[in-house]
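Only this structure's heavy atoms are used, side chains among them; waters, hydrogens and symmetry mates stay out. Every chain is numbered from 1 and lettered A, B, ... according to where its sequence line falls, protein lines coming before strand lines.
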Number of protein chains: 2
Amino acid sequence: MPTIESEVKQEKFQSEFQKAAVNILFTGSWLYNLNATFLKTFDVTPEQFNVLRILRGSHPKPMMLADITCRMIDKNSNATRLVEKLRVKGLVKREICKNNRRQVDISITEKGLILLTKIDRSSDSWQSTLKNLTKAEVQQLNFLLDKLRG
Amino acid sequence: MPTIESEVKQEKFQSEFQKAAVNILFTGSWLYNLNATFLKTFDVTPEQFNVLRILRGSHPKPMMLADITCRMIDKNSNATRLVEKLRVKGLVKREICKNNRRQVDISITEKGLILLTKIDRSSDSWQSTLKNLTKAEVQQLNFLLDKLRG
DNA sequence: ATACAATAGTTGTATATACAATTATATCTC
DNA sequence: GAGATATAATTGTATATACAACTATTGTAT
């Protein structure tokens with residue numbers, strides 16, 4: 001098992017807490033890169049994929065931009081430009097809301113839904129990287145991460 | 001305790017494994033942003049801070065770029081430009097290696113060491129966010145993350 | 001109704017990242 | 001020792017991110 005010490009070639013951390021901070025950042029980056037590489041074959045970035053999943057969750061009800069933003073993993077990504085890229089690919093639809101013309105209604109298209117289905121079908125491969133943990137361990141991990149954020 | 005479900009406003013995940021993936025990415029991003037905000041007062045980015053710590057670990061022995069890169073949390077950051085930024089700030093020193101002129105010897109300066117000391121002193125505040133977990137829980141978290149990466 | 005504030009999204013711009021191509025130097029092979 | 005290969009780092013370039021400033025629309029108070 002590759003400890004975080006060996007991963008970043010540091011023999012000793014100041015504390016178990018500091019080690020955990022590095023470990024979370026490192027593991028997050030590692031997982032992100034795995035995911036990004038996997039999704040590249042489908043020509044979407046992790047955040048684009050994330051937005052598509054969010055929209056599928058609401059489908060067929062459209063969502064406004066602010067609602068998408070607050071559900072995103074990385075809130076700093078610029079939702080306007082992200083959605084625009086998905087629109088160009090034909091994966092989402094944008095319509096100005098009739099009742100409130102400031103607002104934009106965004107929904108996933110049929111093409112977007114089909115893409116998600118395809119991704120889901122072949123995502124076993126990368127999800128299997130998580131299979132190093134038992135279900136009980138994964139539950140424990142989720143508990144600890146939630147508790148960590150306070 | 002804010003569960004990952006409430007953080008990304010998704011009631012239900014396909015599996016505990018998928019939830020863990022989102023949870024790690026989300027917590028990593030959350031921790032990164034906390035850290036970035038904290039370090040901004042010292043005018044360094046998280047990766048710049050990371051490189052300074054790496055160099056302090058080797059001090060007074062200089063390191064070559066490739067050795068720094070393989071110790072970095074995010075291996076994709078461009079170490080050349082990162083180090084150059086630190087050099088401009090006077091926090092590191094660059095010297096072409098006499099024995100091997102392809103190679104650049106990089107070391108942390110006195111100013112860099114002083115900055116790290118200052119940061120260490122005031123980093124209790126942000127490290128305290130990890131204090132939501134007991135030491136035993138933090139150890140368990142480190143164990144699970146290491147095991148996850150396999 | 002007019003002015004002020006709040007909301008929803010967009011755009012500008014500086015900086016950072018991803019990844020491939022390139023330069024420079026060293027080593028190896030014949 | 002000339003040419004091929006490997007190593008170390010840098011540079012080019014397209015894309016992404018951070019964050020503030022801006023536009024447009026709606027709501028509120030007087």
Next item on the list: Tell me, please, which residues at least two apart from A/Phe26 pass side chain to side chain contact (heavy atoms under 4.5 Å, CB included).
Entry: A/Ile4, A/Glu7, A/Val8, B/Ile73, B/Lys75, B/Arg149
Next item on the list: Treating Ile, Leu, Val, Met, Phe, Trp and Tyr as nodes and any side-chain heavy-atom pair under 4.5 angstrom as an edge, say whether A/Val83 and A/Leu113 lie in one connected cluster.
Entry: yes
Note to self: Applying side chain to side chain contact (heavy atoms under 4.5 Å, CB included), can you list everything that pairs with A/Asp105, at least two apart in sequence or on another chain?
What the structure shows: A/Pro62, A/Cys97, A/Gln103
Notebook entry, point to check: Which pairs count as side-chain hydrogen bond (donor to acceptor under 3.5 Å, both in side chains) when at least one residue sits in residues 88-97 of chain B, sequence neighbours excluded?
Noted result: B/Gln48-B/Lys89
Check: Residues from residues 59-72 of chain B sitting under 4.0 Å of DNA chain D, heavy atoms only?
Finding: B/Met64, B/Leu65, B/Ala66
Next item on the list: For B/Glu16, enumerate each residue passing the side-chain hydrogen bond (donor to acceptor under 3.5 Å, both in side chains) test, keeping only those at least two apart in sequence or located in another chain.
Entry: A/Asn142
Next item on the list: Say whether, by atom type as modelled, one donor and one acceptor occur between the side chain of B/Ser29 and the main chain of B/Leu25 under 3.5 angstrom.
Entry: no
Check: Does anything in residues 78-96 of chain A reach DNA chain D, meaning a heavy atom under 4.0 Å, and if so which residues?
Finding: A/Asn78, A/Arg81, A/Lys85
Checklist line | For DNA chain C, the residues among residues 100-109 of chain B that have a non-hydrogen atom under 4.0 Å from it | finding: B/Asn100, B/Arg101, B/Arg102
Next item on the list: With sequence neighbours left out, write down each residue that passes side chain to side chain contact (heavy atoms under 4.5 Å, CB included) with A/Gln18, or none if nothing qualifies.
Entry: A/Phe13, A/Gln14, A/Ser15, B/Arg53, B/Gln127
Margin query: How long is the straight-line distance from OG1 of A/Thr27 back to CG of B/Leu145, given to the nearest 0.5 Å?
Written below: 4.5 Å
Note to self: Going 5' to 3' along DNA chain D, which are the first and last nucleotides with any atom under 4.0 Å from a heavy atom of chain B?
What the structure shows: D/dA6 to D/dC19
Margin query: Check this for me, if you would: do A/Lys19 and A/Glu5 make a salt bridge, where the nitrogen-to-carboxylate-oxygen distance has to be below 4.0 angstrom?
Written below: yes
Check: Do any pairs count as a salt bridge (Lys or Arg N to Asp or Glu O under 4.0 Å) and have a residue in residues 30-44 of chain A, sequence neighbours left out, and if so which ones?
Finding: none
Notebook entry, point to check: Among all residues two or more places apart in sequence or in another chain, which pass the side-chain hydrogen bond (donor to acceptor under 3.5 Å, both in side chains) test with A/Gln140?
Noted result: none
Check: Taking only residues at least two apart or on different chains, which pairs with a member in residues 61-70 of chain A satisfy salt bridge (Lys or Arg N to Asp or Glu O under 4.0 Å)?
Finding: none
